[in-house]
Protein chains: 2
Amino acid sequence: MATLGDLERSVMDLLWDSAVAQTANDLRDKLAQVTGSDGKELAVTTVLTVLARLEKKQLVTRARDTRPHRYLAVTSREEHTVELMNEAMGNVMDREAVLARFIGGISPEELASLRRILDDGASA
Amino acid sequence: MATLGDLERSVMDLLWDSAVAQTANDLRDKLAQVTGSDGKELAVTTVLTVLARLEKKQLVTRARDTRPHRYLAVTSREEHTVELMNEAMGNVMDREAVLARFIGGISPEELASLRRILDDGASA
DNA sequence: GCCCAATTTCTACATAACGTAGAATACTTC
DNA sequence: GAAGTATTCTACGTTATGTAGAAATTGGGC
């Protein structure tokens with residue numbers, strides 16, 4: 001998967017934060033608010049271009065049957081994050097070492113929740 | 001941190017795989033072997049350019065006191081991977097959810113080692 | 001001390017990704 | 001079918017990366 005640019009990231013954040021599908025205009029308006037306080041409105045075509053690119057990257061789908069197409073994220077932010085993490089691990093052979101270091105760096109709270117997760121899903 | 005390009009990645013892999021510092025020529029030779037069987041030798045300047053960029057990205061340091069400068073990776077591959085993983089998690093608020101999903105996707109063996117790691121370092 | 005050969009730095013160009021948006025085309029609705 | 005709205009095409013500037021020649025630097029040998 002490709003890394004997201006700033007605008008792409010902002011759009012994905014908006015999509016991830018809303019349960020319902022958004023139109024390009026919705027997103028442009030929200031971007032104006034979120035993106036700093038500059039209030040600088042982007043052209044809708046800009047948003048549409050980015051959405052098309054995100055669609056090509058399979059991060060976004062759109063409902064083409066409604067007229068203002070409605071866009072929504074394909075995966076959750078968490079799912080996407082996990083994919084990035086796995087991608088990062090992909091090249092490494094010593095996955096255990098990575099896990100060890102990773103765990104060594106997380107907060108006690110997260111460590112606790114990690115234990116909990118492991119204990120709960122006590123599968124094979 | 002920036003994502004590495006293909007050549008940058010190859011160079012880092014070579015540096016990560018060798019304990020001793022390498023010269024640009026060393027790396028060029030090894031790249032010719034590693035990079036497919038095309039045996040196509042890159043120009044040394046190409047390797048040097050990439051090394052300079054990796055240095056700027058603080059992934060590589062070089063000994064400037066020896067004449068053919070000798071380059072070596074600043075961090076281990078594992079360390080770097082962990083950084084990427086943390087960077088991926090950086091934006092997310094629900095880190096627990098990410099952890100849960102991440103764990104849900106790893107192999108039983110890794111799960112086992114994960115438990116082991118957690119049990120060993122039973123710190124606060 | 002000077003020159004050569006090896007090495008490094010500068011400069012440069014091609015390609016691709018991304019931000020950005022106008023021009024052109026396609027729907028909808030009246 | 002005219003008008004407005006929405007989408008697609010096309011395009012340009014910027015930055016990252018792969019690639020390497022030209023120019024400068026430096027360590028040795030004579």
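Chain naming here is simple, since letters A, B, ... match the order of the sequence lines and numbering starts at 1 in each. Every value quoted in this text rests on a predicted model; they were computed, and no experiment measured them.
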Quick one, B/Glu79 and B/Trp16 - any side-chain contact, counting heavy atoms below 4.5 Å? no
Of the candidates D/dT8, C/dT8, C/dT7, the side chain of B/Leu48 sits closest to C/dT8
Answer yes or no: is there a side-chain heavy-atom contact under 4.5 Å between B/Leu4 and B/Lys57? yes
Please state whether the phosphate of D/dG21, meaning OP1 or OP2, lies under 4.0 angstrom from any side-chain nitrogen or oxygen of B/Thr45. no
Which nucleotide in D/dT7, C/dT9, D/dG18 has an atom nearest any side-chain atom of B/Arg64: C/dT9
Using atom CG of B/Leu31 as one end and atom C1' of D/dA20 as the other, report the distance to the nearest whole Å. 15 Å
Under a plain distance cut-off of 3.5 Å, with no hydrogens placed, do A/Ser113 and A/Glu109 share a side-chain donor-acceptor pair? no
Return the value, rounded to whole Å, for the distance between atom CG of B/Asp26 and atom P of C/dT7. 10 Å
Would you say C/dC18 has OP1 or OP2 under 4.0 Å from some side-chain N or O of A/Lys57? yes
Between D/dG18, C/dT20, C/dT7, which one does the side chain of A/Thr46 approach most closely? C/dT20
What is the distance from CD of B/Gln22 to P of C/dT7, rounded to the nearest Å? 15 Å
Shortest side-chain distance from A/Ala43, nucleotide among D/dG18, C/dA21, C/dT8: C/dA21
Looking just at side-chain N and O atoms, do B/Arg64 and B/His69 make a donor-acceptor pair shorter than 3.5 Å? no
Within this structure, what is the CG-to-P distance between A/Leu42 and C/dA21, rounded to whole angstrom? 6 Å
Find the distance B/Tyr71:OH to C/dT7:P and express it as a whole number of Å. 11 Å
Given C/dT8, D/dT7, C/dG19, which nucleotide is nearest the side-chain atoms of A/Asp6? C/dG19
Does a side-chain N or O of A/Arg28 approach OP1 or OP2 of D/dA6 to a distance below 4.0 Å, or not? no
Measure distances between side-chain N and O atoms of A/Arg53 and base N and O atoms of C/dG19, and say whether any donor-acceptor pair falls under 3.5 Å. yes
Figure out the CG/P separation between A/Asp29 and D/dA6, and round it to whole Å. 11 Å
Residue met sooner reading DNA chain C from 5', once A/Leu4 and A/Thr49 are mapped to nucleotides: A/Leu4
B/Leu51 CG to D/dT19 C1': how many Å, rounded? 14 Å
How long is the line joining CG of B/Asn25 and C1' of C/dA6, in whole Å? 9 Å
Within the structure shown, what part of the strands sits under 4.0 Å from A/Arg9 by heavy-atom distance: base, sugar-phosphate, or nothing? nothing
Do A/Ile117 and B/Val92 share a hydrophobic cluster, counting only Ile, Leu, Val, Met, Phe, Trp and Tyr and linking them when any side-chain heavy atoms are less than 4.5 Å apart? yes
